[in-house]
Amino acid sequence: MSSRVAVVSGGNRGLGLEIVRQLADRGLRVVLGSRSLAAGLAAADSLGQPPAEIIAAELDITDPGSVTAFAAWLHGRFRRCDVLINNAAIAVDGVQDAATANLELVRRTLETNLMGAWHLTQVLIPAMRARRYGRIVNMSSGVGGLNRMEGGIPAYRVSKAALNALTRIFADELHDDNILVNACCPGHVQTVMGGPSAGVPVTLAADTPVWLATLPPDGCTGGFYRNREPIEW
Amino acid sequence: MTTAGEEAPSASDIDAIRSRIVAILASVLDGIEVHDDSNLLDLGATSLTAVRIRSRIRAELDKEIPLIDLLEYPTPRELAPVVAAAERWTGDEEWQQLDWASEEAADDEGSA
């Protein structure tokens with residue numbers, strides 16, 4: 001049997017790139033999805049000679065045509081998809097509050113963080129169903145947790161709360177196909193998105209999503225995790 | 001969508017589909033015991049349950065049935081021949097026509 005194929009959206013930098021590296025270290029063939037193919041190729045090159053194959057592919061999850069073209073390319077290239085990491089996301093709230101939020105920014109955020117992940121998941125589910133195996137990991141955030149919901153960064157919060165809901169819906173719909181779907185919070189990670197005040201090193205932040213991406217057959221589904229421990233929704 | 005397929009389904013096709021339907025109902029109804037003659041209407045199924053059943057029939061059997069069929073043929077025994085006779089359905093979108101069950105692409109033989 002050939003090794004499993006993983007897709008990581010937003011794989012060209014930060015946490016996504018680290019997840020690509022760690023999955024390749026575990027012997028998975030990894031497709032590094034990147035809005036810019038040039039950035040994706042450069043990122044794949046930056047990893048040197050990993051133990052398994054890493055291939056950059058153009059993937060803009062906000063562009064429906066790009067998502068379906070990606071699925072067709074993956075079908076032609078590998079004819080399989082075993083793991084999907086919905087990592088691509090934007091955080092563009094700045095300091096806005098919900099009462100005065102620029103709704104265009106809200107729309108863009110939902111378009112990427114929710115709809116983009118949703119669409120990519122949709123087009124790859126048939127590949128997982130065909131082999132009755134799948135691991136889907138949604139990169140979420142504790143700030144999307146409803147129990148601790150508070151003011152500030154409203155677009156980002158709502159997008160992650162919605163992604164969490166989608167995680168549970170997909171977990172239920174795909175349970176009988178042996179596809180495990182979980183969300184995780186990487187913490188405040190030292191990346192471009194995390195900014196200079198972030199405390200969690202990227203190597204550590206990638207551990208939980210990589211664990212969820214390689215769960216055994218009796219692994220969890222429909223959960224929300226940080227540091228491999230369940231956290232409140 | 002319930003028009004007959006090109007070939008009439010065999011008895012063993014129908015048997016296989018019936019047992020899949022039993023498993024689907026049991027799963028969607030959270031592990032309630034389901035038999036060939038269990039009636040959906042007696043099992044506490046709601047319209048939402050019906051939608052989920054249809055979704056599993058699509059996913060597992062590549063068949064599309066109208067929701068009303070679940071009311072008209074509410075037991076696995078009655079529903080199985082209806083599902084068996086329904087046309088193959090994979091959806092209308094182009095990405096839904098990709099056949100992922102076919103052989104893996106040839107240029108990947110090197111990586112074991």
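Computed from a prediction, not measured in an experiment: that's the story for all the values here. Only this structure's heavy atoms are used, side chains among them; waters, hydrogens and symmetry mates stay out.
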Using a 4.5 Å cut-off on heavy atoms from C-beta on, say whether the side chain of [Y] contacts that of [X].
X	Y	answer
Gln96(B)	Pro126(A)	no
Trp100(B)	Leu74(A)	yes
Trp95(B)	Gln122(A)	yes

field: Minimum heavy-atom distance between Arg56(B) and Asp176(A), given as atom pair plus value
entry: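 Nearest pair, atom of Arg56(B) first, then Asp176(A): NH2-CB, 3.5 Å.
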- prompt: Looking at Ala101(B) and Ala130(A), what are the two nearest heavy atoms and their distance?
  reply: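 Taking every non-hydrogen atom into account, N-CB, 3.9 Å.
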Chain A contact via [X] - which portion, at a heavy-atom distance below 4.5 Å:
X	value
Glu60(B)	side chain
Thr90(B)	neither
Ala23(B)	neither

task: Drop me the distance from Ser102(B)'s OG to His75(A)'s NE2, to the nearest 0.5 angstrom.
output: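 Spacing of OG (Ser102(B)) from NE2 (His75(A)) equals 4.5 Å.
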message: Under a 4.0 Å threshold between the charged nitrogen and the carboxylate oxygen, would Asp172(A) count as salt-bridged to Arg52(B)?
response: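 Counted as a salt bridge, because a side-chain N and a carboxylate O are separated by less than 4.0 Å.
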Flag yes if more than 12 heavy atoms outside [X] fall under 6.0 Å of its [atom1] atom; otherwise flag no.
X	atom1	answer
Arg108(A)	CZ	no
Arg58(B)	CZ	yes
Glu94(B)	CD	no
Glu232(A)	CD	yes
Met193(A)	CE	yes

Heavy-atom pair count under 4.5 Å with chain B, highest-scoring of Leu174(A), Thr68(A), Asp177(A):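 Among the listed options, the one with the most contacts to chain B is Asp177(A).
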- prompt: Is it the side chain or the backbone of Ile125(A) that comes within 4.5 Å of chain B heavy atoms, both, or neither?
  reply: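 Neither part.
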